Number of protein chains: 2
Amino acid sequence: MTIVLKPIRPKKISEEIVEQIKGLISNGDLKPGDRVPSERELASMLGVSRPSVREAIMVLSAMGFLEARQGGGTFVRALTETSIMDPLAKLVEKKDPELLRSLVEVRMGLESWSAFLAAQRADDDDLAELRRIYAVMEKQAARGGWDSTVDAEFHYAITAASHNSLQMHVLDSIHSIFHATIQVALMEFYQEEGHIQKLLTHHREIMEAIAAHEPELARQKMMEHLALVEDKMAQLLNDKDK
Amino acid sequence: MTIVLKPIRPKKISEEIVEQIKGLISNGDLKPGDRVPSERELASMLGVSRPSVREAIMVLSAMGFLEARQGGGTFVRALTETSIMDPLAKLVEKKDPELLRSLVEVRMGLESWSAFLAAQRADDDDLAELRRIYAVMEKQAARGGWDSTVDAEFHYAITAASHNSLQMHVLDSIHSIFHATIQVALMEFYQEEGHIQKLLTHHREIMEAIAAHEPELARQKMMEHLALVEDKMAQLLNDKDK
DNA sequence: ACTCGTAATTTGGTATGACCAATTTTCTAA
DNA sequence: TTAGAAAATTGGTCATACCAAATTACGAGT
């Protein structure tokens, strides 16, 4: 039997202060716009040194709860002002080309694996859902349009068909970052003449491979599809560099 | 026309440090588990005072990028540990067989993808590292032993050879959960007579495929290897059910 | 009495140095 | 070779001083 005991973490003073102030904010003693006591005051109130208070304020600022203005004071910020982004998203937000490439690549690996699994396990319900979404896609494509929302739905349905909750969760996280960063930029490429038909063909082939329960084929088709996406993104990045 | 000019914010030097370190993490110079230079070192490197460095580290810790241990040092955390894995790790804690199966499966997808990428990009340094670890593995196997730590090292080196920092972080998170749950339980199977030689062969084949820069072969060999692991785990779960 | 500019005060930002506590490493003795 | 102790390393906390920006208070000029 494996004994798993959680590591004891000595609580740092600054963390304790963070908790307290966060408590004051959450229960309404400190409202947005309020000015929190100065660092020196807080330090003497809490009976700790100023650096400790300062570290706590730093953390709270990084979390978006407080905002410090030199000479002015420290104020409580409205929580809606700052969208609390996931650590991953925060890392990618600066649009480093190398990172975006990594992101698309990771997605490629996960999605092709989803397609593989889906081709092994998709039941009638899964296939019906895929066909429904594809029909919508086809109709829009006939009018020369391409809705990235429907596109995302399609890919999500595939992962759902993998019947693996963890895979769904992980891929969903990657997906959300993908949408928040490059999806929009890729839209113009999607709209280009000829691309829509190619995309439609890709999705149909993927769907058919899954329906035929051919894992390797499904994986390969998904790879081809996402390779195109990666290629487009590479072009986009190169244009920017110029 | 609404003129939106962003208020000029005097950049604090701690924020500058945060940016720099975040950059090092995102482009892979700092990998999960790596040890960051000590506060005093960083301070002298950057030409700033220690409190400034300290505040930066505080912020990064609060964001989940770093983890500081008193007396030990400051280490890079896998990015997905908090955003994706926290809820997941709790789910897997209860050892739901279905979830464990999912975990191994996700790992299989990610690892085979890593092997694929590694076979495309591994340079001489990567290959040298792989060969070094394999040599250790071989020596231990000759004495009838199998060290799961070295095993993990091998797989980690493969992901490192993929030269994709995001892939490294995602897989590292999955790995940590894997170790916390079933790795230990699988040990007894590893130790069985005949298995060690088979495992050794698997790793050698994977390594050779990567060295030969044959992505598809590397992927396939990795799949075969992890399929064995999955098989063993299935046996283990069935035994428990009885 | 009001306005405006300037000086004094307040407040956050940075730096230095010191000491403590936990950890890791190194060394030593059995 | 190994186990335990000493030393070095590293994060955690504190005290203090000074700088820079913002606020406030004050006083001269209208």
Side-chain angles (χ1 to χ4, degrees), chain A residues 5-22 24-25 30 32-77 82, chain B residues 5-22 24-25 30 32-77 139-140 143 145 149:
Chain A
L5 34 207
K6 46 191 168 206
I8 302 171
R9 47 169 183 217
K11 33 188 163 184
K12 290 180 281 190
I13 280 190
S14 61
E15 285 181 356
E16 193 112 356
I17 302 176
V18 167
E19 297 260 337
Q20 282 204 38
I21 296 183
K22 213 156 60 167
L24 291 180
I25 294 178
L30 282 177
D34 279 1
R35 197 177 68 197
V36 3
S38 73
E39 297 179 352
R40 291 168 178 85
E41 273 182 74
L42 281 176
S44 75
M45 276 192 220
L46 295 165
V48 298
S49 74
R50 197 178 147 212
S52 295
V53 172
R54 210 177 145 61
E55 281 177 358
I57 290 180
M58 265 297 172
V59 170
L60 287 166
S61 300
M63 290 200 243
F65 288 112
L66 298 181
E67 179 176 9
R69 285 197 297 261
Q70 179 169 315
T74 305
F75 300 85
V76 179
R77 247 184 9 174
T82 59
Chain B
L5 47 172
K6 43 186 176 269
I8 302 173
R9 49 168 188 201
K11 25 190 150 188
K12 291 179 278 192
I13 94 176
S14 64
E15 286 180 353
E16 193 111 355
I17 301 176
V18 167
E19 289 290 324
Q20 282 205 39
I21 296 184
K22 219 157 59 161
L24 290 180
I25 294 178
L30 285 176
D34 273 5
R35 198 179 145 151
V36 138
S38 74
E39 297 180 351
R40 292 168 178 84
E41 273 182 73
L42 281 175
S44 77
M45 276 191 214
L46 296 164
V48 299
S49 73
R50 199 179 144 211
S52 296
V53 172
R54 206 175 149 62
E55 282 175 358
I57 290 180
M58 270 291 164
V59 171
L60 287 166
S61 301
M63 289 195 213
F65 289 111
L66 298 180
E67 179 176 7
R69 284 199 295 265
Q70 178 169 333
T74 305
F75 300 84
V76 178
R77 263 173 83 176
K139 186 191 280 182
Q140 288 181 334
R143 297 186 318 197
T149 307

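Keep in mind that what you see is a predicted model, and the values were worked out from it rather than measured. Throughout, protein chains are lettered first and strands after them, A, B, ... in sequence-line order, and every chain is numbered starting at 1.
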Rounding to a whole Å, what distance do you find between [X]:[atom1] and [N]:[atom2]?
X     : N      : atom1 : atom2 : result
B:I57 : D:dG12 : CD1   : C1'   : 12 Å
A:L46 : D:dT13 : CG    : P     : 13 Å
B:E67 : D:dG12 : CD    : C1'   : 15 Å
A:R50 : D:dC19 : CZ    : P     : 15 Å

Taking 4.0 Å as the cut-off, does a side-chain nitrogen or oxygen of [X] come that near to OP1 or OP2 on [N]?
X     : N      : value
A:S14 : D:dG12 : no
B:T74 : D:dT10 : no
A:R54 : C:dG13 : yes
B:R35 : D:dT10 : yes
A:S52 : D:dC14 : yes

Tell me what B:R69 touches on the nucleic acid: a base, only sugar-phosphate, or nothing, going by heavy atoms under 4.0 Å. sugar-phosphate
Donor-acceptor check, side chain of B:R54 to backbone of B:S49, threshold 3.5 angstrom: yes or no?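 The answer is no, because no donor-acceptor pair under 3.5 Å joins these two groups.
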Could you work out which one of [options] sits closest to the side chain of [X]?
X     : options                : answer
A:E55 : C:dG12, D:dT13, C:dA22 : D:dT13
A:R40 : D:dC14, D:dT10, C:dT11 : C:dT11
A:I13 : D:dC14, C:dG13, C:dC19 : D:dC14
A:S38 : C:dC19, D:dC14, C:dT11 : C:dT11

Can you find a donor-acceptor pair, distance only, under 3.5 Å between A:Q70 side chain and D:dA20 base? yes
Which pair of non-hydrogen atoms, one from B:P37 and one from B:L42, has the smallest distance, and what is that distance?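 Shortest heavy-atom separation between B:P37 and B:L42 comes out as O-CD1, 3.7 Å.
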